[in-house]
Chemist: 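Can you read through this structure? Questions will come right after.
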Amino acid sequence: MVVRTGLRSTMGSMLQQIVAPLHDLGMSHDPFIPDMCRFFGFSLLLQVLLFVVGMSRGWRHAQSTTELVQRALDTAIAAIPVGTSTVIIGALGACTQKLRLKGIDVLDPTKLKAAADVSVVCFDKTGTLTGSVPELHGMLPVEEGQFLGMQCMAMRWPNRLKQAAAVCNSLTLINKSQVVGDAADKQAFKAVEARFVERNLVSLPLRLRSGRPASLTKLQVLKRFEFESCLMRSGVVAVDSDEDPDTALLFVRGAPTKVEQLIKGGVLPADYHQVLVEYAAQNFRLLALAVGELRHVTSEKLAHMTQQDAEAMAGRMDMLGLLVLSNHLHPSSKETITALQDKGGVRTMMVTGDYHHTAIAVARGVGMVPQGGQLVIIQAKSEKQVLPRMPSRFPSTLRASRNPARPYQPGPTSSCCSPQRAASPSLVSFSEQAKPSPEGRQGPSCERPQSSSTEGQPSLSCERQQSLSCEGQQMLSFEGQQRERRHRVYDGLTFMVDSGNDLQDWDPHHALTNIAQGAAQCCVTGPAFEHMLQQADASVVEIVMTNVAVFSRMRSQQKGQVMDLLGSRGLFQHTEGQERHIPGLGKTCMYCGDGINDLAALASADVGMAVGSSHASAAASISDRHSSVAGVVTVLREARSSHVIKLAVIKYMVVYELLLSVAVNILLFIDGSRFSVVQRSTLDFVAISLGVVASLRPAAAELVPARPPQQISSCKNFVLLLESVAISVAFHCGCLAVLYHEPWFSGSTSGNEQNPVLSAVWPVSLAQILTPAYSFSVDVGAFCQRSSRPEILLNAAYCIFSFLCALIGPSWFDAANVFKFYHFKFSYSYKVDLVGWCFLVLFLTILPVTRRLWDRYEQRLTRVSPISA
């Protein structure tokens, strides 16, 4: 596993740190660290400016050099809150614990930040979207080149088919009594009434043609060929005890399209491909069974023989039938896909090794592909088969036949459901542009305006007409010198459109135009994907990756390549003796899988999630103990909530330190006084209490289309910091102006005991904690639930406390004379309270308006940026 994932698995990272501990540290390449440093740098700049203003007059007061140096160090330290590292670790730990309580283990907590920004989620099919245990539905036997009806009872199967079901499987005998292996293989093994005599000796009853009772026969297994993803089939060599001992039987089981290539000289049913399409469209999994004979093969020769050698030696092989397995969708799959696409604004894809018709049926069943929507199937010409008709009703072969001798008759198909070319988007050249439609999807084409003008109207120049036709459109251009390379790519590919009812060949030019414009999704098979990557022109790959919905017949390595192309890493490869790099789409990808063949994709994706207790967790960063994909939504909700809370808490601490610095430097500017330890600790206690309780908000119940911001050092946050400082300065100046106009005010005492200036600044600093608290609630509002009861009660107590401090004075609770505040008269407290309410209304008005205007500005930039790009 470690080697196959290129040391990018969990165990591979452990080995890397052992061999080269300083080679790759997880946090060293995290862009959040320099981003946070830029935010702290801006905060330090504001702190320095406030300190300079305070020192412009504060140096006149009796300040010792030691105290001035101490104040300067306090200013530098306040710019970087000391609890930053605790907040980051605490947010990751809290999110990890919440997921663990829900049956999801976070193996790499640093991936939670990437999970908060996931925009594409890719799924494996078998064991992920569908059940992990397929069930035996029945068998479609083949006799004399014709399909018999669906046989659900094994007693009607031909003898050779029974023998294949008994030995050509994944079952193994251990401890002389326990049989382990695939559940469907166990069902077929039990259906033919087979049993293990020894580890490599199987006995089963076979019916005789003369009508006599069934006789017991034994099959000695000589060699097993395990399943290989490159061959997409497995095999076994066995000897029948009732037949010639010099003749061995080679049974092969695998993908129907691969086993079909082995039927050399044998008879293949004429409706073979039609049956494959019908059953695949109904989400059935098909495995083909074939048999051949190996004459005069010795055990020594067989020991060094590969499966290809055995198949070549057998020569002529006969098709025995199709094993039909039902693999139903998991009940939570459709609900999960709907939540991701409709509520979370996340693109979903399927990357599987199964037959493309089965994958498309599952994709339509879960909602990845809309029912009736156009889906372009891109295949390599080497795998193109006879163009079958899609079934218009449930396949007739799903019914058990009462007459086994009656050949299979395919059900009638409707001819009225074929897609009309008139309704499809018109054909445009790749040098033209795709115009976005008002609904957000790109329209069918962009035609140039006619050069001729009507009478009485001025004619536009060709250059002006072309600029008007291209304004506001997305660029989709291929240079003229690349046409020869593009046709070379076309030569190896076939394009068909599947509208859910019929299949029809499409022109490659027409198909790619619709894919690039978003008018149709596409399904790409593994051989076609490999053919695209082998070409010098990678433009077709770039077009396909923008709107692909299904990848089928993909090998493990190809799944990893898909993740690289979707992400920001891109794909590095050697083509025609030259190195090249195909840039990725720059998306944050998440892959969900459950098998060994998913290791490369799990390691290559930004976030790899193993579903169920499987070996896939070796390369995954998150492991879900449940065998369903419902945990994907849970992970995204918790990761987004944890990330926004982390950013909001950091901003909360920075804003609080800035507001406190405003108060400290105002005191330095006026009389050189400073808060005592008790006075400062009280402010810190209130701020920490509000922040801790607010950070305990649970994640939102549903996903939202918006994704949390990944940067904290944005212009929006910088403007909000400046606004907070400006409002704070104005608030302090207003309260001090009221104090200086009081007739009883005789000046400051230049100390922290019974100082009227300090006693006036302290309640203002207490009331201004509402500024970062309100900003925190707005930042996390979309991704977290509403305020909990403890948070509401604590905020209410804080508001009452601040109101009493401003109305009566801070000395109302200072019975023990601990804070040593000045006892104000009621007339002053009344005026300060009025000023505080005015600034509170001003703050609650300006801050939301600023946020709303800035959000509109960013949305405008988002709409303009793709066009300029």
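The figures that follow rest on heavy atoms only: side chains count, while hydrogens, waters and symmetry mates do not.
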Chemist: Of the options V524, V544, I515, which is the one that meets V376 in a side chain to side chain contact (heavy atoms under 4.5 Å, CB included)?
Modeler: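 That would be I515.
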Chemist: Once the angle between the rings of W506 and H510 is folded into 0 to 90°, is it parallel (under 30°), tilted (30 to 60°) or perpendicular (over 60°)?
Modeler: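 The rings of W506 and H510 lie parallel, inter-plane angle below 30°.
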Chemist: Looking at side-chain heavy atoms only, is the closest gap between L565 and F529 below 4.5 Å?
Modeler: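 A side-chain contact exists here, since the closest heavy-atom pair is under 4.5 Å.
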Chemist: Only one of T338, V120, I337 clears side chain to side chain contact (heavy atoms under 4.5 Å, CB included) with T348; which?
Modeler: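 Going through the options one by one, the only one that passes is I337.
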Chemist: Would you say the side chain of M139 lies within less than 4.5 Å of the side chain of L289, judging by non-hydrogen atoms?
Modeler: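 Side chain of L289 against side chain of M139, heavy atoms only: contact under 4.5 Å found.
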Chemist: For D606, which residues count as a salt bridge (charged side-chain N to carboxylate O under 4.0 Å, His left out) partner, sequence neighbours excluded?
Modeler: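 Checked D606 against salt bridge (charged side-chain N to carboxylate O under 4.0 Å, His left out); zero matches.
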Chemist: Of V237, N169, L161, L320, which is the lone residue that meets side chain to side chain contact (heavy atoms under 4.5 Å, CB included) with F251?
Modeler: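 Testing each of V237, N169, L161, L320 against F251, the sole residue satisfying side chain to side chain contact (heavy atoms under 4.5 Å, CB included) is L320.
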Chemist: Is the ring pair F147/Y272 parallel, tilted or perpendicular, if the boundaries are 30 and 60 degrees?
Modeler: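 If you compare the ring of F147 with that of Y272, the planes turn out parallel.
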Chemist: Nearest 0.5 angstrom please: L276 CG to L322 CG, how far?
Modeler: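 Result: 6.0 Å between the selected atoms.
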Chemist: For R347, check salt bridge (charged side-chain N to carboxylate O under 4.0 Å, His left out) against everything at least two apart and list the hits.
Modeler: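 With sequence neighbours excluded, R347 shows a salt bridge (charged side-chain N to carboxylate O under 4.0 Å, His left out) to no residue whatsoever.
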Chemist: Between atom CG of L268 and atom CG of D271, what is the distance when rounded to the nearest 0.5 Å?
Modeler: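 Result: 9.0 Å between the selected atoms.
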Chemist: What heavy-atom pair brings D564 and S604 nearest, and what distance separates the two atoms?
Modeler: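 Looking at all heavy atoms of both residues, the shortest contact is OD1-CB, 3.6 Å.
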Chemist: Report the C-alpha separation of R364 and D498 in whole Å, then their side-chain angles, then the decisive distance to 0.1 Å, and conclude whether the side chain to side chain contact (heavy atoms under 4.5 Å, CB included) test is met.
Modeler: CA-CA 11 Å; R364 291 190 184 275; D498 175 11; 3.9 Å; yes
Chemist: With a 4.5 Å limit on heavy-atom distance, are the side chains of V362 and L329 in contact?
Modeler: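 Yes, side chains in contact.
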Chemist: Kindly determine whether Q307 and E311 satisfy side chain to side chain donor-acceptor pair (under 3.5 Å), including the steps that lead there.
Modeler: CA-CA 6 Å; Q307 183 168 351; E311 292 168 352; 3.2 Å; yes
Chemist: Please walk me through it: do V366 and F123 pass side chain to side chain contact (heavy atoms under 4.5 Å, CB included)?
Modeler: CA-CA 11 Å; V366 299; F123 297 90; over 6 Å; no
Chemist: Got K258 and R553 here, is their nearest side-chain heavy-atom distance under 4.5 Å?
Modeler: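 With C-beta onward as the side chain, the pair touches.
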Chemist: Please evaluate residues H273 and E260 with respect to the criterion side chain to side chain contact (heavy atoms under 4.5 Å, CB included), reporting the C-alpha separation (whole Å), side-chain torsions for both, the decisive distance (0.1 Å), and the verdict.
Modeler: CA-CA 10 Å; H273 302 113; E260 171 193 356; 3.1 Å; yes
Chemist: If every non-hydrogen atom of D594 is compared with every non-hydrogen atom of V611, which pair is closest and at what distance?
Modeler: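 Looking at all heavy atoms of both residues, the closest pair is CB-O, 3.4 Å.
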Chemist: Kindly compute the distance separating CD (E530) from CD (Q535), expressed to the nearest 0.5 Å.
Modeler: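 Output value for this atom pair is 11.0 Å.
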Chemist: Under the side chain to side chain donor-acceptor pair (under 3.5 Å) test against Q573, which residue among Q534, H581, R580 passes?
Modeler: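 Running side chain to side chain donor-acceptor pair (under 3.5 Å) over Q534, H581, R580 with Q573 returns exactly one hit, R580.
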Chemist: Give, for atom CE of M609 and atom OG of S621, the distance between the pair rounded to the nearest 0.5 Å.
Modeler: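 Reported value, rounded in 0.5 Å steps: 9.5 Å.
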Chemist: Tell me if the CD atom of Q557 is crowded by more than 12 foreign heavy atoms within 6.0 Å.
Modeler: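 Open: at most 12 neighbouring heavy atoms sit under 6.0 Å from CD of Q557.
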Chemist: Is the number of heavy atoms from other residues, nucleotides or ligands under 6.0 Å of K334 NZ greater than 12?
Modeler: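 No, because the 6.0 Å sphere around NZ of K334 holds 12 heavy atoms or fewer from other groups.
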Chemist: Would you give the length of the straight line joining atom NZ of K381 to atom NE2 of H531, rounded to the nearest 0.5 angstrom?
Modeler: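 So the gap between those two atoms works out to 8.5 Å.
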Chemist: Using a 4.5 Å cut-off on heavy atoms from C-beta on, say whether the side chain of F225 contacts that of V252.
Modeler: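 V252 does not reach F225 side chain to side chain.
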